[in-house]
Amino acid sequence: MQNNYIYRYNNRTMLDPQLLASLIRKHRKAAKLSQVQLAEMAGVGKTAVFDLEKGKETVQLDTLRKILAVLNIKVQLISPFLNQIVNHEKG
């Protein structure tokens, strides 16, 4: 059974930079990690964590994926083409 959780706040989705920044900060603090500790665990520079938590939009996708993985945050892609792409890659 698949759960479809979409974080929304005032009709903004999770990928809104400020909402994403707040979500990452909340998870980091709940894990009792400093920004430097999170950066070290994710294998990224501390500036990346600082910038991400400020809502800076120029963070690299690979860096974001590493930080989200450490914090156990999952991102769900929703697209009418997703099943078509996944099925094509399997076949």
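Computed from a prediction, not measured in an experiment: that's the story for all the values here. Values below: all heavy atoms of this structure, side chains included; hydrogens, waters and symmetry mates excluded. Numbers for residues simply follow the sequence, beginning at 1.
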Euclidean distance, [Y] [atom2] relative to [X] [atom1], rounded to 0.5 Å:
{"X": "Glu53", "Y": "Leu23", "atom1": "CD", "atom2": "CG", "answer": "10.5 Å"}
{"X": "Glu57", "Y": "Gln18", "atom1": "CD", "atom2": "CD", "answer": "8.5 Å"}
{"X": "His27", "Y": "Leu68", "atom1": "NE2", "atom2": "CG", "answer": "9.0 Å"}
{"X": "Gln37", "Y": "Lys32", "atom1": "CD", "atom2": "NZ", "answer": "12.0 Å"}
{"X": "Gln35", "Y": "Asp51", "atom1": "CD", "atom2": "CG", "answer": "10.0 Å"}
{"X": "Leu38", "Y": "Leu71", "atom1": "CG", "atom2": "CG", "answer": "5.0 Å"}

* Closest contact, heavy atoms only, Leu33 versus Arg28 -> O-NH1, 2.9 Å

* Asked: Gly55 and Pro17: which non-hydrogen atoms are nearest, and at how many Å?
  ->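 Smallest heavy-atom distance, with atoms named: O-CB, 3.3 Å.
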
* **side chain to side chain contact (heavy atoms under 4.5 Å, CB included) between Leu20 and Ile73, intermediate numbers included** => CA-CA 11 Å; Leu20 182 60; Ile73 298 173; 5.9 Å; no

Using the side chain to side chain contact (heavy atoms under 4.5 Å, CB included) criterion, which residues pair with [X]? Sequence neighbours excluded.
{"X": "Ser79", "answer": "Phe81, Leu82"}
{"X": "Ala42", "answer": "Val44, Lys66, Ile67, Val70"}
{"X": "Lys46", "answer": "Val36, Ala39, Phe50"}

* Asked: Is the closest side-chain heavy-atom distance between Val49 and Thr63 below 4.5 Å?
  -> no

